[in-house]
Amino acid sequence: MKLIELQTSLRERVAQTAQGKFGVALDSVTAETPPRTELGDLAFPVAFDLARRVKQATGEKKNPRAIADELAGDLRLMPNVARVEVAGAGYINVFYDRTKLLIEAAIGESASASQTHIAPHASSKKSIIEHTNINPNKAAHIGHLRNAVLGDTFVRLLQAAGETVEVQNYIDNTGVQVADVVVGFMHVENMTLDDVKRVDASLPSDKGFDYYCWDLYARVGLYYRGGTSDGAEMPERLALRAQALHDIEAGDNPTAKLADYVATRIVEQHLKTMARLGIKYDVLPRESEILHLKFWDSAFERLKASGAVRLESEGRHAGCWVMPLEAHASTDEHEADKIIVRSNGTVTYAGKDIAYQLWKLGQLDKDFYYRPFFNLQENDNHQVWMTTSEPTVNDAPRFGNGATIYNVIDSRQSYTQDVVKRGVAAVAPEIGEAASVHLSYEMVALSPAACEELGLKLSDADKARPYIEMSGRKGLGVKADDLIDRLEAGAYSETSSRNPETPEAERRHTAHTVAIGALRYFLLKWTRNSVIAFDFTEALSLKGETGPYCQYAVIRANSLFRKLDPDAIQRAQVLLGQANDDDALKGKFASFINNENGTDLWTLWSLAARLDEVIGICVRTHEPTHLAKYAFELAQGFNAFYDNKQNRVLEEPDEARRALLITVAAYTRAQLTRALATLGIDVPARM
RNA sequence: GCACCCGUAGCUCAGUUGGAUAGAGCAUCUGACUUCGAAUCAGAGGGUCGCAAGUUCGAGUCUUGCCGGGUGCACCA
């Protein structure tokens, strides 16, 4: 029996007893893991609640401790329960039959040794996750990495929980940011499309087109202000941007062709950067198609038909289609109303987003056409599709039509996301707001020290601030590829000094794996709504609470198992299994488990057994960091086990105890490896 | 002005739907490599959980009010 099943059955029993003996129907029974293993394996602080509810219902005063005693008596009769204690003012502490559970688990493990991951539920509906969504006009920076790693990890979490997932990366290829770079090429550098292609071809592969545009974008920002960062914006130069934006949206002209080249090339670069982190996408929906295929027209009809938007005939919003939102405490007229269509007939960002969200939910009677996008070597056989306006003949999968949509977007867009969610719910009440989930996260800013390292001169006021916001317009930020390069360099020198005899290619690969482990963990160790004040020292660290720490624990286990027979794990599991029918052997195992050292072994094993529960918590709370913390805790547990002189596997003389140690170590290694894989972190053979 | 987020050890942060003695990492100090790999481990010091009320058997967690910091509230995207 798995621990999670045992937990469920105990909860149900508590609920039954509460109903039977006290006449109280508990809709949910709180169960928690006690702070220390000495206090048991599962605790129910339910007696306090029951005492209150009995008093409410009957007026009878009952001592929580007396209630706990009655509940405990029932729980003692449950299988796999060794004993139950009532502690404190009324805690019910359940102690599992640890020996029996370990033995049963060993039998299960040896039987399903080949099964490594859960297959998706046949009946499960598709979830869509949209993440990355970087403006295709310059290199990706660490803020974008946070988005992508958060999104990709959530994808892995959902898959680990057995769900079917589609990954979308929305490309805003017709927005102002692309227009800015186009203005830069056309009016700052006076280049034609052919010139741009020539420059692109001449750039080094490690500092390519995305880096070039990064600098150009910052220069355009200056250009608008007449060359100085604090100058006033010049209307005639801003007009160039407006013109470019107009031409890009219209399409089929030199400006639009240049914009398409820029956006497409930058998307390629972004995908290469993300591939370094093991991040892949299924489909890249582009804004240009949403425009050309007139998604908005369809969405607008539905919005009007549902009454979600109305045309204002007077007031300051006269001539606009607005979505009414409740005005909070304000007596003024509809201050909170959101404009969806401007008085000149053009649609706002929120409007376009509603159309796109409706498509994602299968609520639009339109679809994109698709073509295969270029394939990266790193992506093996995984095909990325890009939307297109022209009909195509190919075997593209059916995209969109998801049951739940997760949008990974930073918290600054909470308001707009809320508008989108409400708009969708108004159009399709049967779907409601719950189908649209905003996976919001706080920004990545720079620590003052990081700014200085990047060569930015700070005022005294800025130095006193906890963090400074990045600015693409100012070219202030840490480029993703630069950071990965630095991490790889650090990991390479570290692994080279430890494994000088290892071939160069393998050391490079190891350095890469360690670097990605460090980076992904670094971005996942914070809760979503905590601002990351990026600091180089902290981000480049390979010690302490880091990805490499977790990887290292697995490496030590790998090293240990290399020195054992290849079938040692299997043999150990079989031996434990034999104890099921052999009371003498079972007693022997029990004597190993039911002492102080055995408690440590059990604590580690039961922690390892909690992986699926933790994945469930992450999915439910939309918070991947719980898994990162769990992986670290499990690695800590393994390292403590490993360093304990009583647990020297290779020197253990007693065959049974050795089998126990091997089983615990092997299970911990397997679960830790799975946890890390779900975080997108691989483990090299050596490091 | 309104809405949302944050305030926990010197620093950076965790803290599951309210539960037992508030935890990690970094930094500081002390110890452990002839050791299944020291990217490690064992230990020490370090706290009015921003302040004040309230609800509760029980509050870092919930409510209210203050204080301090951040973000968002455009016919921008």
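Predicted model, so just to flag it, every value in this text is computed and none were measured. Letters A, B, ... are given to chains in the order of the sequence lines, protein chains preceding strands, and every chain is numbered from 1.
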- Query: Can you tell me if the side-chain N/O atoms of A:Arg342 get under 4.0 Å from OP1 or OP2 in B:rC76?
  - Reply: yes
- Between A:Ala685 and A:Pro45, just flag the one whose closest nucleotide in RNA chain B comes earlier from the 5' side. A:Pro45
- Query: In whole Å, what is the span from the CG atom of A:Asp600 to the C1' atom of B:rA42?
  - Reply: 13 Å
- Query: Rounding to the closest angstrom, what is the interatomic distance between B:rG37 and B:rG50 at atom C1'?
  - Reply: 46 Å
- Provide, to the nearest angstrom, the distance between the CD atom belonging to A:Glu633 and the C1' atom belonging to B:rU16. 12 Å
- Message: Quick one about A:Arg146 and A:Tyr441 (side-chain donor to acceptor, distance below 3.5 Å, no hydrogens or angles considered), yes or no?
- Response: no
- What interatomic distance, in whole Å, is found between C1' of B:rU61 and the corresponding atom of B:rG23? 15 Å
- Message: Distance check needed: B:rA14 P versus A:Leu627 CG, whole Å only.
- Response: 16 Å
- Taking atom P of B:rC4 as reference, at what distance in whole Å does atom NZ of A:Lys421 sit? 14 Å
- Query: Given B:rG25, is OP1 or OP2 found less than 4.0 Å from the side-chain N or O atoms of A:Gln636?
  - Reply: yes
- Can you find a donor-acceptor N/O pair under 3.5 angstrom joining the side chain of A:Arg556 to the base of B:rU40? no
- Answer with base, sugar-phosphate or nothing: what part of the nucleic acid does A:Arg562 contact at a heavy-atom distance below 4.0 Å? nothing
- Query: Taking only Watson-Crick and G-U wobble pairs with both distances under 3.5 Å, what dot-bracket line describes RNA chain B, where [ ] shows pairs that cross earlier ones and | shows pairs with another strand?
  - Reply: (((((((..((((.....[...)))).(((((.......))))).....(((((..]....))))))))))))....
- Item | Presence of salt bridge, A:Asp337 and A:Arg310, under 4.0 angstrom | yes
- Task: Give A:Ile555 one of three labels, base, sugar-phosphate or nothing, depending on what nucleic acid heavy atoms sit under 4.0 Å from its own.
- Result: base
- Task: Could you tell me whether a side-chain N or O of A:Thr513 sits under 3.5 Å from a main-chain N or O of A:Pro684, the two making a donor and an acceptor?
- Result: no
- Consider only side-chain N and O atoms of A:Thr603 and A:Thr37, and report whether a donor and an acceptor are under 3.5 Å apart. yes
- Message: Within this structure, what is the CG-NZ distance for the pair A:Asp418 and A:Lys338, rounded to the nearest 0.5 Å?
- Response: 11.0 Å
- Note on the structure: With sequence neighbours left out, the residues meeting side-chain contact (heavy atoms from CB on, under 4.5 Å) with A:Asp535 are A:Ser447, A:Ala449, A:Thr537, A:Glu538
- Ring centers of A:Phe300, A:Trp321 separated by less than 6.0 Å: yes
- Message: Check for me: is A:Tyr91 stacked on B:rA20 by the 5.5 Å centroid and 30° plane-angle rule?
- Response: yes
- Query: To the nearest angstrom, how far is A:Phe48 atom CZ from B:rU55 atom C1'?
  - Reply: 18 Å
- Below 4.0 angstrom from OP1 or OP2 of B:rC75, is there any side-chain N or O of A:Asn344? no
- Query: Do A:Asn639 and A:Arg556 meet the criterion of a side-chain donor-acceptor pair at a distance under 3.5 Å?
  - Reply: yes
- Query: A:Asn529 has an atom CG; how far is it from atom P of B:rA14, in whole Å?
  - Reply: 8 Å
- Under 4.0 angstrom, heavy atoms only, what part of the nucleic acid is A:Thr495 near: base, sugar-phosphate, or nothing? base
- Looking only at side-chain atoms of A:Lys543, point me to the closest of B:rA20, B:rA42, B:rU40. B:rU40
- Query: Can you tell me how far P in B:rC2 sits from the matching atom in B:rG58, rounded to whole Å?
  - Reply: 34 Å
- Task: Determine the contact category for A:Ala43: base if any of its heavy atoms lies under 4.0 Å from a base atom, sugar-phosphate if only primed atoms, P, OP1 or OP2 are that close, otherwise nothing.
- Result: base
- Out of B:rA77, B:rG37, B:rG70, minimum distance to the side chain of A:Tyr552 belongs to B:rG37
- Task: Can you figure out which of B:rA20, B:rU40, B:rA24 approaches the side chain of A:Asn639 most closely?
- Result: B:rU40
- Task: Confirm from the modelled atom types if A:Asp353 and B:rA77 form a donor-acceptor pair under 3.5 Å, side chain to base only.
- Result: no
- Query: Where the side chain of A:Arg11 is concerned, which of B:rU17, B:rU40, B:rA77 is the nearest nucleotide?
  - Reply: B:rU17
- Message: Does the protein touch nucleotides 7-13 of chain B at the base, only the backbone, or not at all? Give it as B, S and - per nucleotide, heavy atoms under 4.0 Å.
- Response: -----SS
- Query: Do A:Arg486 and A:Glu488 meet the salt-bridge criterion of a basic N to acidic O distance under 4.0 Å?
  - Reply: no
- Query: If you look at every strand shown and take non-hydrogen atoms under 4.0 Å, does A:Thr621 touch a base, only sugar-phosphate, or nothing?
  - Reply: nothing
- Same-atom distance (P) from B:rC76 to B:rG7, integer angstrom: 36 Å
- Query: Considering only the P atoms, how many Å lie between B:rG25 and B:rG1, rounded to the nearest integer?
  - Reply: 43 Å
- Note on the structure: A:Ser559 has its side chain closest, among B:rU16, B:rA77, B:rC36, to B:rC36
- Query: What does A:Asp180 touch in the nucleic acid at a heavy-atom separation under 4.0 angstrom: a base, only the sugar-phosphate, or nothing?
  - Reply: nothing
- Item | Check against side-chain contact (heavy atoms from CB on, under 4.5 Å), A:Tyr224 and A:Leu238 | CA-CA 6 Å; A:Tyr224 289 143; A:Leu238 289 178; 3.9 Å; yes
For a quick test of your reading: what N or O donor-acceptor pairs under 3.5 Å do the side chains of residues 615-623 of chain A make, sequence neighbours left out?
residue	atom	partner	partner atom	Å
A:Thr621	OG1	A:Ile617	O	2.7
A:Glu623	OE1	A:Arg528	N	3.4
A:Glu623	OE2	A:Arg528	N	3.2

- Item | Separation between the P atoms of B:rG60 and B:rU17, rounded to whole Å | 16 Å
- A:Arg412 CZ to B:rG72 C1': how many Å, rounded? 10 Å
- Cut-off 3.5 Å, side chains only: do A:Thr174 and A:Glu249 have a donor facing an acceptor? no
- Specify the separation, in whole Å, of atom CG of A:Leu42 and atom P of B:rU16. 17 Å
- Message: What residues from residues 641-648 of chain A pass a heavy-atom cutoff of under 4.0 Å to RNA chain B?
- Response: A:Tyr642, A:Asp643, A:Lys645, A:Asn647, A:Arg648
- Query: Run the side-chain contact (heavy atoms from CB on, under 4.5 Å) check on A:Glu287 and A:Lys352 step by step: do they pass?
  - Reply: CA-CA 9 Å; A:Glu287 185 174 60; A:Lys352 279 185 272 192; 3.4 Å; yes
- Message: Between B:rU56 and B:rA14, how far apart are the two C1' atoms, rounded to whole Å?
- Response: 26 Å
- Please identify each residue that fulfils side-chain contact (heavy atoms from CB on, under 4.5 Å) with A:Ala635, with sequence neighbours left out. A:Tyr549, A:Cys550, A:Ala553, A:Leu672
- Message: Students often get this wrong, so: under 4.0 angstrom with heavy atoms, is A:Ala318 touching a base, only sugar-phosphate, or nothing?
- Response: base
- Query: If only side-chain N and O atoms of A:Arg610 are considered, is one of them under 4.0 Å from the OP1 or OP2 phosphate oxygen of B:rU16?
  - Reply: no
- Closest to side chain of A:Gln413, choosing from B:rA77, B:rC75, B:rG37: B:rA77
- Item | Pairwise P distance, B:rC62 and B:rG19 [rounded to whole Å] | 10 Å
- Message: Reading RNA chain B from 5' onward, which residue's closest nucleotide shows up sooner: A:Arg52 or A:Thr346?
- Response: A:Arg52
- Message: Quick check on the 6.0 Å ring-centre criterion: do A:Tyr91 and A:Phe48 meet it?
- Response: yes
